[in-house]
Amino acid sequence: MEIISWNVNGIRAVEKKGFVPWLLQCGADVVCIQETKANPGQLSEELRQPGGAGGYLSFWASAKRPGYSGTAVYCRREPDEVFTMGESAYDDEGRVCAVRYGDTVVVSAYFPNSQNAGARLPYKLGFCDCMLKFCCDIVAAGRHVILCGDYNIAHTPIDLANPKQNEGNAGYLPEERAWMDTFTAAGYVDTFRHFCAEPGQYTWWSYRFHAREKNIGWRIDYQCVDSGFIDHVVRSEILSDVQGSDHCPIRLITG
């Protein structure tokens with residue numbers, strides 16, 4: 001199975017930048033999308049069912065607040081089950097859309113931003129704790145989980161270009177990084193770091209100061225799996241050449 005995850009920073013905006021042609025040629029079985037900023041009723045037929053009957057099915061978890069947050073999953077074939085986190089505090093913001101194929105659950109998750117001075121840090125950490133339980137419940141049911149998405153956390157100094165300058169900034173707060181430690185200690189594997197220990201590997205760049213051209217970025221998008229599934233992961237990579245958003249897609253291949 002090939003799974004791509006991408007924070008598109010607005011599905012209607014990225015549609016104008018060639019999203020549908022990219023999707024139809026990307027070859028993925030499942031494509032997880034974050035920050036859709038839309039509900040299905042606002043979308044073109046091309047976005048709802050790219051490629052028509054022979055293309056992708058789509059499933060959406062939209063925020064109640066217009067133009068905000070939201071997740072989606074595009075699938076080549078009908079999943080056995082589609083569900084959300086089941087917690088209104090987070091489902092009301094469309095933070096999770098999950099699909100299940102047999103004993104494998106693929107999750108598209110958009111973790112909250114803790115914002116300046118940690119203004120939304122309690123909400124973020126509440127979501128993180130709920131996500132850990134969500135994943136553990138899936139594993140406890142005898143299934144595997146592939147947690148894809150924008151975690152809005154750079155876990156270690158190697159995951160951002162300027163760690164010293166960003167200490168105390170949203171996405172690199174001690175509490176956020178500590179949760180990532182807790183998450184991985186609980187038996188979940190950062191698949192990209194499983195294969196690659198090199199610096200300079202990022203998934204998000206500011207639109208300012210030509211940051212992407214200079215590769216001054218952050219790695220805040222992940223595809224993590226439960227440890228019982230890691231031997232099925234063949235490759236995990238960053239598709240940094242794909243344009244259209246301030247994030248780039250990431251890809252996981254299983255076998």
Side-chain angles (χ1 to χ4, degrees), residues 3 5-15 19 30-44 47-49 56-75 79-100 105-141 143 145-153 170-171 173 175-176 179-180 182-183 186 188 204 220-224 245-247:
I3 303 163
S5 181
W6 192 10
N7 178 322
V8 294
N9 195 10
I11 192 71
R12 290 171 291 178
V14 82
E15 181 183 22
F19 173 77
V30 177
V31 178
C32 297
I33 299 297
Q34 300 89 42
E35 205 171 357
T36 59
K37 298 183 180 179
N39 65 66
Q42 298 174 297
L43 306 180
S44 67
L47 280 179
R48 289 195 301 271
Q49 192 169 7
Y56 282 93
L57 303 169
S58 67
F59 303 93
W60 303 80
S62 303
K64 288 186 174 180
R65 174 179 161 188
Y68 178 72
S69 188
T71 52
V73 182
Y74 286 98
C75 304
D80 298 319
E81 185 181 1
V82 180
F83 55 101
T84 61
M85 183 173 265
E87 295 285 342
S88 60
Y90 311 118
D91 288 345
D92 286 352
E93 295 193 357
R95 294 283 171 186
V96 171
C97 184
V99 298
R100 178 177 64 83
V105 176
V106 181
V107 183
S108 179
Y110 181 35
F111 284 56
N113 189 312
S114 54
Q115 299 184 353
N116 289 339
R120 222 176 180 217
L121 182 60
Y123 180 83
K124 165 77 167 282
L125 295 177
F127 176 87
C128 289
D129 290 341
C130 192
M131 177 56 74
L132 178 54
K133 182 180 184 301
F134 182 73
C135 292
C136 288
D137 287 348
I138 291 170
V139 174
R143 294 170 175 161
V145 63
I146 303 172
L147 178 58
C148 306
D150 175 3
Y151 290 25
N152 263 313
I153 302 170
L173 296 175
E175 297 91 338
E176 294 170 304
W179 180 82
M180 285 293 292
T182 298
F183 181 63
Y188 299 93
W204 175 84
I220 56 176
D221 301 87
Y222 299 79
Q223 289 173 302
C224 293
S245 170
D246 50 351
H247 295 250

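What you see is a predicted model; the values in this text were computed from it and never measured.
- L121 has its side chain out of reach of Q115: every pair of non-hydrogen atoms, C-beta onward, lies at least 4.5 Å apart.
- Annotation: side chain of S58 is not in contact with side chain of L47 (no heavy-atom distance under 4.5 Å).
- A distance of 10.0 Å separates CZ of R48 from OH of Y74, quoted to the nearest 0.5 Å.
- Between K133 and D129, no side-chain nitrogen of the basic residue sits less than 4.0 Å from a carboxylate oxygen of the acidic one, so the salt-bridge criterion is not met.
- You'll find the side chain of D150 stays beyond 4.5 Å of the side chain of W204, heavy atoms only.
- By the 4.5 Å heavy-atom criterion applied to side chains, S62 and P40 are counted as neighbours.
- With S108 contributing its side chain and C97 its backbone, the two residues share no donor-acceptor pair below 3.5 Å.
- Atom CZ of R95 sits about 14.5 Å away from atom CD of E87, to the nearest 0.5 Å.
- Pairs passing the salt bridge (charged side-chain N to carboxylate O under 4.0 Å, His left out) check and including a residue from residues 106-115, sequence neighbours excluded, do not occur.
- Note that CG of L132 and OG1 of T182 are 7.5 Å apart. Values are rounded to the nearest 0.5 Å.
- R12 and L43 make their closest contact through CG-CD2, 3.7 Å (heavy atoms, listed as atom of the first residue, atom of the second, distance).
- Exactly one of K124, E176, R120 qualifies for a side chain to side chain donor-acceptor pair (under 3.5 Å) with S114. That residue is E176.
- To the nearest 0.5 Å, the span separating CD on Q42 from CD1 on I11 amounts to 12.0 Å.
- Interatomic distance, CD of Q49 versus OH of Y56, reported as 13.0 Å (0.5 Å rounding).
- Each of F111, Y110, F127 was scored for a side chain to side chain contact (heavy atoms under 4.5 Å, CB included) with Y90, with one residue passing: F127.
- Panel note: side chain S5, backbone C148; no donor-acceptor pair is recorded below 3.5 Å.
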From CA spacing to verdict: side chain to side chain contact (heavy atoms under 4.5 Å, CB included), F134, V107: CA-CA 10 Å; F134 182 73; V107 183; 4.0 Å; yes
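- Using a 30° and 60° split on the angle between ring planes, Y151 and F183 fall in the perpendicular class, above 60°.
- Judged purely by atom type and a 3.5 angstrom limit, Y188 has no side-chain atom pairing as donor or acceptor with the backbone of V145.
- H247 contributes atom NE2, which lies 6.5 Å from atom CG of N9 (distance to the nearest 0.5 angstrom).
- Remark: the backbone N or O of G94 is paired with a side-chain donor or acceptor of T71 at under 3.5 angstrom.
- For residues 58-71, the set of pairs meeting the salt bridge (charged side-chain N to carboxylate O under 4.0 Å, His left out) definition, not counting sequence neighbours, comprises K64-D92.
- A pairwise comparison of heavy atoms in M131 and A109 identifies CE-CB, 3.8 Å as the closest pair.
- Counting heavy atoms from C-beta on, the side chains of V73 and V106 never come closer than 4.5 Å.
- Smallest separation of non-hydrogen atoms from P122 and A119: CD-O, 4.4 Å.
- Contact between A61 and T84 at its shortest, heavy atoms only, is CB-CG2, 4.3 Å.
- Panel note: side chain S245, backbone N7; a donor-acceptor pair is recorded below 3.5 Å.
- Looking at residues two or more places apart in sequence or on another chain, you find a side chain to side chain donor-acceptor pair (under 3.5 Å) between S44 and E15.
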